[in-house]
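This report refers to the structure that appears directly beneath it.
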Amino acid sequence: AQTVTQSQPEMSVQEAETVTLSCTYDTSENNYYLFWYKQPPSRQMILVIRQEAYKQQNATENRFSVNFQKAAKSFSLKISDSQLGDTAMYFCAFMKNFGNEKLTFGTGTRLTIIP
Amino acid sequence: GAVVSQHPSRVICKSGTSVKIECRSLDFQATTMFWYRQFPKQSLMLMATSNEGSKATYEQGVEKDKFLINHASLTLSTLTVTSAHPEDSSFYICSATLRGGSNYGYTFGSGTRLTVV
């Protein structure tokens, strides 16, 4: 079974600074998908970024980028120029493949951006 | 973009009654939907996988007779909490998978906060 670990329950950073959220996972699969989801106080789950395991290039979406280290089974999220609206719970998630599409979530990191 | 509409957003019911939560995919067909439960300040826990036209697959420890899931069409899945008790109070979220090209992943409903009194 797959497991996803987020070792930082809470983090805080000053507005405009850069913050990195950690995520490690355990799987015996070679092809899979990784996601970061944001859950603001509204509790709506919002996709932040995704990465296919077969791609070596790290995914980027504007201020959000990942550091995907397949051998180390690490998938960290970097938020640059952090904004107050980034305050939320962030969940790392693993999906084995299409056809077995269950998402396995980490325990989450509560990120607070300080004005 | 693909949207999953979930209703109601908030419901309060009396202990012993049943509550139905609906999730509709608005602009795509969802052959598979997933139902999650989230306790305060915790992660999402998968309850069951709902497949259109067939019985749902429940995760270990989830009572299938208490949490009835129906996926009668490609755009609608429902979760009915039967004979609800205060311990069933929680936040319930549905989601559906998207396939096709670069647009893949999950899209989530906005969630339902259930309070059983």
Side-chain angles (χ1 to χ4, degrees), chain A residues 1-10 21 23 25 31-55 57 59-61 64 66 75 88-112, chain B residues 1-10 21 23 30-52 56-62 71 77 90-115:
Chain A
Q2 284 70 228
T3 59
V4 179
T5 302
Q6 293 179 249
S7 58
Q8 305 151 312
E10 294 188 18
L21 309 183
C23 173
Y25 57 94
N31 292 320
Y32 47 86
Y33 301 84
L34 296 164
F35 305 86
W36 278 98
Y37 281 92
K38 167 184 177 180
Q39 189 179 41
S42 68
R43 302 192 78 172
Q44 173 72 57
M45 295 291 285
I46 301 167
L47 176 65
V48 175
I49 200 165
R50 59 193 172 204
Q51 174 85 41
E52 301 97 322
Y54 65 86
K55 289 189 177 179
Q57 186 173 8
T60 62
E61 287 287 343
F64 300 88
V66 298
F75 183 60
M89 280 289 290
Y90 285 81
F91 293 100
C92 178
F94 173 100
M95 184 174 77
K96 190 174 175 180
N97 54 46
F98 285 103
N100 185 352
E101 299 159 331
K102 291 193 285 189
L103 268 181
T104 301
F105 285 93
T107 51
T109 297
R110 182 174 300 279
L111 176 65
T112 302
Chain B
V3 174
V4 172
S5 175
Q6 183 172 347
H7 294 280
S9 58
R10 196 181 287 259
I21 302 169
C23 272
T31 52
T32 303
M33 282 196 179
F34 300 86
W35 288 92
Y36 293 87
R37 183 173 182 175
Q38 186 179 29
F39 291 104
K41 297 186 179 181
Q42 292 190 26
S43 188
L44 280 72
M45 180 190 75
L46 179 66
M47 299 175 64
T49 302
S50 163
N51 294 297
E52 185 266 336
T57 302
Y58 290 81
E59 295 299 300
Q60 192 172 9
V62 177
H71 195 158
S77 178
S90 192
F91 191 70
Y92 294 88
I93 310 175
C94 65
S95 71
T97 50
L98 303 171
R99 300 189 185 192
S102 61
N103 185 22
Y104 68 89
Y106 271 56
T107 185
F108 287 84
S110 54
T112 297
R113 184 185 301 279
L114 170 63
T115 303

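To find a chain, count down the sequence lines: A is the first, B the second, and so on, and within it residues start at 1. FYI, side chains are in, hydrogens and waters are out, and symmetry mates aren't considered; it's all heavy atoms of this structure.
- Heavy atoms of B:Thr49 lying under 4.5 Å from chain A belong exclusively to its side chain.
- For B:Gln38, the parts lying near chain A are the backbone and the side chain together; criterion is any non-hydrogen pair under 4.5 Å.
- Interface remark: A:Met89 contributes no atoms to any contact with chain B (heavy atom separation under 4.5 Å).
- Of the listed residues A:Gln6, A:Met45, A:Arg110, the one with more heavy-atom pairs under 4.5 angstrom with chain B than any other is A:Met45.
- Between the side chain of B:Ser43 and the backbone N or O of A:Gly106 there is at least one donor-acceptor pair closer than 3.5 Å.
- Within the 4.5 angstrom heavy-atom criterion, only side-chain atoms of A:Gln39, from C-beta onward, approach chain B.
- The parts of B:Leu44 that come within reach of chain A are both its backbone and its side chain, each placing non-hydrogen atoms under 4.5 angstrom from that chain.
- Proximity of A:Leu103 to B:Tyr36: side-chain heavy atoms (C-beta onward) are separated by under 4.5 Å at one or more points.
- From B:Lys41, atom NZ reaches atom CD of A:Glu10 across 7.5 Å, with rounding to the nearest 0.5 Å.
- Heavy atoms of A:Phe91 lying under 4.5 Å from chain B belong exclusively to its side chain.
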